[in-house]
Amino acid sequence: MDTQMYLAYDYPLLSMFWTMLWLFLWVLWFILLFRVIADILRDDSMGGWGKAGWMAFVILLPFLGVLVYVIARGRSMGRREIDHAREKQQAFDAYVRETAGSGGSRPSRAEELRRLADLRTQGDISEEEFQQAKALVLNDDRSSTPAGSTTTPR
(Lines give C-alpha, C1' and ligand atoms only; values in the text may rest on other atoms or scores of the structure.)
Protein backbone atom coordinates (compact mmCIF):
# COMPACT_ATOMS: atom_id res chain seq x y z
CA MET A 1 0.00 0.00 0.00
CA ASP A 2 1.22 3.48 -0.78
CA THR A 3 1.54 6.35 1.61
CA GLN A 4 -2.03 7.25 0.75
CA MET A 5 -4.45 5.93 3.40
CA TYR A 6 -7.88 4.64 2.66
CA LEU A 7 -10.79 5.58 4.89
CA ALA A 8 -12.26 2.07 4.84
CA TYR A 9 -9.08 0.66 6.40
CA ASP A 10 -8.88 3.35 9.04
CA TYR A 11 -12.53 3.22 10.06
CA PRO A 12 -13.79 -0.36 10.50
CA LEU A 13 -17.42 -1.41 10.28
CA LEU A 14 -17.92 -1.76 14.03
CA SER A 15 -16.66 1.78 14.58
CA MET A 16 -19.14 3.02 12.01
CA PHE A 17 -22.01 1.29 13.87
CA TRP A 18 -20.75 2.73 17.17
CA THR A 19 -20.69 6.23 15.68
CA MET A 20 -24.20 5.79 14.27
CA LEU A 21 -25.43 4.69 17.70
CA TRP A 22 -23.93 7.77 19.36
CA LEU A 23 -25.40 10.03 16.68
CA PHE A 24 -28.82 8.43 17.19
CA LEU A 25 -28.58 8.86 20.98
CA TRP A 26 -27.47 12.47 20.53
CA VAL A 27 -30.52 13.23 18.39
CA LEU A 28 -32.80 11.46 20.92
CA TRP A 29 -31.25 13.53 23.71
CA PHE A 30 -32.12 16.79 21.96
CA ILE A 31 -35.64 15.58 21.24
CA LEU A 32 -36.12 14.72 24.92
CA LEU A 33 -34.58 18.01 26.04
CA PHE A 34 -36.88 20.09 23.83
CA ARG A 35 -39.94 18.05 24.85
CA VAL A 36 -39.14 18.65 28.51
CA ILE A 37 -38.66 22.38 27.91
CA ALA A 38 -41.94 22.53 25.97
CA ASP A 39 -43.72 20.65 28.75
CA ILE A 40 -42.37 23.05 31.37
CA LEU A 41 -43.62 26.04 29.40
CA ARG A 42 -46.97 24.42 28.54
CA ASP A 43 -47.89 23.30 32.07
CA ASP A 44 -50.74 25.47 33.36
CA SER A 45 -50.71 23.99 36.87
CA MET A 46 -47.18 25.20 37.56
CA GLY A 47 -46.57 28.81 38.54
CA GLY A 48 -44.00 31.17 37.09
CA TRP A 49 -41.37 30.57 39.77
CA GLY A 50 -41.76 26.82 39.41
CA LYS A 51 -41.27 27.09 35.67
CA ALA A 52 -38.25 29.35 36.16
CA GLY A 53 -36.74 26.89 38.65
CA TRP A 54 -37.22 23.89 36.39
CA MET A 55 -35.90 25.80 33.37
CA ALA A 56 -32.79 26.89 35.30
CA PHE A 57 -32.23 23.32 36.49
CA VAL A 58 -32.67 21.89 32.99
CA ILE A 59 -30.44 24.53 31.37
CA LEU A 60 -27.65 24.63 33.97
CA LEU A 61 -27.47 20.86 34.61
CA PRO A 62 -29.15 19.41 31.53
CA PHE A 63 -28.59 15.67 32.04
CA LEU A 64 -29.48 15.71 35.72
CA GLY A 65 -32.28 18.25 35.21
CA VAL A 66 -33.99 16.26 32.47
CA LEU A 67 -33.56 13.00 34.40
CA VAL A 68 -35.08 14.48 37.57
CA TYR A 69 -37.90 16.15 35.62
CA VAL A 70 -38.83 12.95 33.81
CA ILE A 71 -38.77 11.00 37.08
CA ALA A 72 -40.73 13.62 39.05
CA ARG A 73 -43.22 14.77 36.42
CA GLY A 74 -42.98 12.21 33.60
CA ARG A 75 -46.36 10.62 34.19
CA SER A 76 -48.21 13.93 34.23
CA MET A 77 -46.11 14.99 31.23
CA GLY A 78 -47.79 12.26 29.19
CA ARG A 79 -51.24 13.27 30.40
CA ARG A 80 -50.60 16.90 29.48
CA GLU A 81 -49.46 15.85 26.02
CA ILE A 82 -52.64 13.80 25.51
CA ASP A 83 -54.83 16.65 26.81
CA HIS A 84 -53.07 19.10 24.48
CA ALA A 85 -53.61 16.77 21.51
CA ARG A 86 -57.32 16.42 22.41
CA GLU A 87 -57.73 20.21 22.67
CA LYS A 88 -56.07 20.68 19.29
CA GLN A 89 -58.34 18.02 17.74
CA GLN A 90 -61.46 19.60 19.26
CA ALA A 91 -60.40 23.03 18.02
CA PHE A 92 -59.80 21.62 14.55
CA ASP A 93 -63.16 19.83 14.55
CA ALA A 94 -64.93 23.02 15.65
CA TYR A 95 -63.16 24.96 12.91
CA VAL A 96 -64.17 22.40 10.28
CA ARG A 97 -67.78 22.43 11.49
CA GLU A 98 -67.84 26.24 11.45
CA THR A 99 -66.24 26.46 8.03
CA ALA A 100 -68.35 23.73 6.44
CA GLY A 101 -71.57 25.14 7.81
CA SER A 102 -73.81 24.30 10.70
CA GLY A 103 -73.55 20.54 10.76
CA GLY A 104 -74.40 20.00 7.12
CA SER A 105 -77.73 21.85 7.23
CA ARG A 106 -78.74 23.89 4.24
CA PRO A 107 -78.49 27.68 4.16
CA SER A 108 -81.59 29.72 4.86
CA ARG A 109 -83.85 30.94 2.07
CA ALA A 110 -82.58 34.50 2.43
CA GLU A 111 -78.97 33.35 2.07
CA GLU A 112 -79.80 31.32 -1.02
CA LEU A 113 -81.70 34.23 -2.60
CA ARG A 114 -78.82 36.59 -1.87
CA ARG A 115 -76.37 34.16 -3.44
CA LEU A 116 -78.60 33.77 -6.47
CA ALA A 117 -78.88 37.55 -6.84
CA ASP A 118 -75.09 37.84 -6.65
CA LEU A 119 -74.70 35.18 -9.35
CA ARG A 120 -77.20 37.02 -11.57
CA THR A 121 -75.51 40.41 -11.13
CA GLN A 122 -72.11 38.86 -11.92
CA GLY A 123 -73.58 37.36 -15.09
CA ASP A 124 -72.94 33.76 -14.07
CA ILE A 125 -76.58 32.82 -14.51
CA SER A 126 -79.24 34.19 -16.82
CA GLU A 127 -82.51 35.81 -15.77
CA GLU A 128 -84.39 32.61 -16.69
CA GLU A 129 -82.14 30.47 -14.51
CA PHE A 130 -82.47 32.98 -11.72
CA GLN A 131 -86.27 32.85 -11.85
CA GLN A 132 -86.28 29.03 -11.89
CA ALA A 133 -83.91 28.79 -8.94
CA LYS A 134 -85.84 31.50 -7.09
CA ALA A 135 -89.06 29.54 -7.58
CA LEU A 136 -87.38 26.42 -6.22
CA VAL A 137 -86.12 28.26 -3.16
CA LEU A 138 -89.41 30.02 -2.44
CA ASN A 139 -91.50 26.87 -2.97
CA ASP A 140 -89.07 25.00 -0.72
CA ASP A 141 -88.83 22.30 -3.39
CA ARG A 142 -85.24 21.48 -2.51
CA SER A 143 -85.41 17.73 -2.94
CA SER A 144 -85.22 18.02 -6.73
CA THR A 145 -81.77 19.68 -6.72
CA PRO A 146 -78.63 18.43 -5.03
CA ALA A 147 -77.32 20.27 -1.96
CA GLY A 148 -75.62 23.52 -2.87
CA SER A 149 -76.75 23.35 -6.51
CA THR A 150 -79.12 26.05 -7.70
CA THR A 151 -79.25 25.50 -11.44
CA THR A 152 -79.45 22.61 -13.81
CA PRO A 153 -76.25 21.72 -15.69
CA ARG A 154 -75.99 22.95 -19.31
Do D93 and Q89 pair up side chain to side chain, a donor and an acceptor below 3.5 Å, judged on atom types alone? yes

I'd like to know if the side chain of T99 reaches the main chain of V96, judged simply by a donor and an acceptor atom lying under 3.5 Å from each other, with no hydrogens or angles considered. no

Would a single hydrophobic cluster contain both I71 and L61, if residues Ile, Leu, Val, Met, Phe, Trp and Tyr are joined by side-chain heavy-atom contacts under 4.5 Å? no

Residue pairs meeting side-chain hydrogen bond (donor to acceptor under 3.5 Å, both in side chains), one or both in residues 46-67, sequence neighbours left out, come to none

Within 6.0 angstrom of E128 CD, more than 12 heavy atoms from elsewhere: no

Output the distance between atom CD (E112) and atom CG (L136), rounded to the nearest 0.5 Å. 9.5 Å

Output for pair (R80 CZ, E87 CD), nearest 0.5 Å, gives 12.5 Å

Nearest 0.5 angstrom please: I82 CD1 to H84 NE2, how far? 12.5 Å

Shortest non-hydrogen contact between K134 and L116, atoms and distance: N-CD1, 4.0 Å

Rounded at 0.5 Å granularity, tell me how far CG in L119 sits from CZ in R114. 10.0 Å

Under 4.5 Å between side-chain heavy atoms, counting indirect links through other Ile/Leu/Val/Met/Phe/Trp/Tyr residues: same cluster for F63 and L32 or not? yes

Under the side-chain contact (heavy atoms from CB on, under 4.5 Å) rule, collect the residues that match up with D44, sequence neighbours excluded. none

Quickly, which of L67, V66, L64, V68 forms a side chain to side chain contact (heavy atoms under 4.5 Å, CB included) with V58? Name it, please. V66

Taking E129 for its side chain and S126 for its backbone only, find out whether a donor-acceptor pair lies under 3.5 Å. yes

Only distances under 3.5 Å count here; give the side-chain donor-acceptor pairs of residues 14-29 to other protein atoms, sequence neighbours excluded, each with its distance to 0.1 Å.
from, atom 1, to, atom 2, distance (Å)
T19, OG1, Y11, OH, 2.2
T19, OG1, S15, O, 2.9

Interatomic distance, CD1@I40 vs OH@Y69, rounded to 0.5 Å, equals 5.0 Å

Rounded to the nearest 0.5 Å, what separates atom CZ in F130 from atom CG in D124? 13.0 Å

Do F34 and I59 share a hydrophobic cluster (ILVMFWY, side-chain heavy atoms under 4.5 Å, transitive)? yes

Between the side chain of D39 and the main-chain N/O of R35, is any donor-acceptor distance below 3.5 Å? no

